[in-house]
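Letters A, B, ... mirror the listed sequences (proteins, then strands); counts begin at 1. Because the structure is predicted, anything quoted here is derived from the model rather than measured.
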Number of protein chains: 2
Amino acid sequence: MEPVVASTPQWRSPCPIASGLDVVGDKWSLVIIRDLIVHGPRTYSEFLDAPEKISTNILAARLKWLHANGLITHVDATRSARNNAYQLTERGAALRPVLDALGRWSHQELIDVHPGILSID
Amino acid sequence: MEPVVASTPQWRSPCPIASGLDVVGDKWSLVIIRDLIVHGPRTYSEFLDAPEKISTNILAARLKWLHANGLITHVDATRSARNNAYQLTERGAALRPVLDALGRWSHQELIDVHPGILSID
DNA sequence: CCGCATCCGTTACGATACTG
DNA sequence: CAGTATCGTAACGGATGCGG
């Protein structure tokens, strides 16, 4: 019985940078993590409201992947007013410095080629 | 006449994080940047020697992309002992803090799930 | 409705053979 | 040595359906 989504990456090498990319180096993972850092716990449809317009099947697959890799969990539905929401684990929240550095790079280096870019958020 | 490789990203949103990912958020760009930061100017075949084993067509496409986006340039072949090498621009070198943060995250958070991971490099 | 899963077309990746 | 051509596979993206 093959798993729908692999639970762990195929490590390309022992390099920490490549290994980090093996976990969050796809097109959407860090965008999802960004939403969780900026807004806190977030529901499926709230992720869909983000301006990047991820499609529903991709979102479901990425949430499954991030959960399997211990970066997010479900909010306990019985204990929270917000049902069916996702939140960051410690491991996921620890990505904040990466997002900060990336945001700063983009803001400094991409303004001329992407005039509409926002100053940090 | 359609370009073989688009010269500029399709921006998903005005968010700096998403925009940074639109430039270097693929599977290989930051691995190539890492090699250039660690080793300095690097030739095509030296990139191929990296442990991640990128295939030749992908490497050529990514080098073209990174050049089109101003992150790398060719070393001046007439002035250098090392012909046909690539090097970082200021814009590319400015990604160092991103790689540092990612490397630290991986080293701290992925040791248990990836025992062979190296301590920074 | 909300949270997905399924179907299917399109785009990225990957292994390998090959050329200037 | 530095790529290109070819062709197969995997990821992505839009539309739609379906259970709770």
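You'll find that the side chain of D26(B) is closest to dC13(C), out of dC13(C), dG3(D), dG3(C).
For Y86(B), a side-chain nitrogen or oxygen approaches OP1 or OP2 of dG3(D) to under 4.0 Å. Contact between the side-chain N/O atoms of K64(A) and the OP1/OP2 oxygens of dC4(C) is not found at any separation under 4.0 Å. Phosphate contact (OP1/OP2 of dG3(C), side-chain N/O of S45(A), threshold under 4.0 Å): present. Within the 4.0 Å cut-off from OP1 or OP2 of dA10(D), not a single side-chain nitrogen or oxygen of K27(B) is found.
Heavy-atom distances to DNA chain C give each of L63(A) and R12(A) a nearest nucleotide, and the one nearer the 5′ end belongs to L63(A).
The interatomic distance linking D22(B) (CG) with dA12(C) (P) rounds to 12 Å, in whole Å. Following rounding to the nearest Å, W28(A) (CH2) and dG13(D) (C1') show an atom-to-atom distance of 10 Å. Separating the CD atom of Q10(A) from the C1' atom of dC13(C) is a distance of 14 Å, rounded to the nearest angstrom. Put simply, OH on Y44(A) is 17 Å from P on dC1(C), counting in whole angstrom units. With rounding to whole Å, E52(A) atom CD is found 15 Å from dC12(D) atom P. K53(A) places its NZ atom 19 Å from the P atom of dC12(D), with the value rounded to the nearest Å. Look at CG on L48(B): it is 14 Å from P on dT16(C), rounded to the nearest Å. Computed from coordinates, the I58(B) CD1 to dA10(D) P distance equals 14 Å when rounded to whole Å.
Between the base of dG3(C) and the side chain of N84(A) there is no donor-acceptor pair shorter than 3.5 Å. For a distance-only test at 3.5 Å, the side chain of N57(A) qualifies as a donor-acceptor partner of the base of dG14(D).
In this structure, R91(A) contributes its side chain and E109(B) its backbone to a donor-acceptor pair below 3.5 Å.
Across N57(B) and S55(B), no two heavy atoms sit closer than the pair OD1-OG, 3.0 Å.
T56(A) comes within 4.0 angstrom of a nucleotide base, judged by non-hydrogen atoms across all strands.
At a cut-off of 3.5 Å, with distance as the only test, a side-chain donor of S19(B) or H114(A) sits close to an acceptor on the other residue.
For the pair R12(B) and W28(A), the cation-pi criterion (under 6.0 Å, within 45° of the ring axis) is fulfilled.
Salt bridge annotation for R34(B)-E52(B): present, with a cationic side-chain nitrogen under 4.0 angstrom from a carboxylate oxygen.
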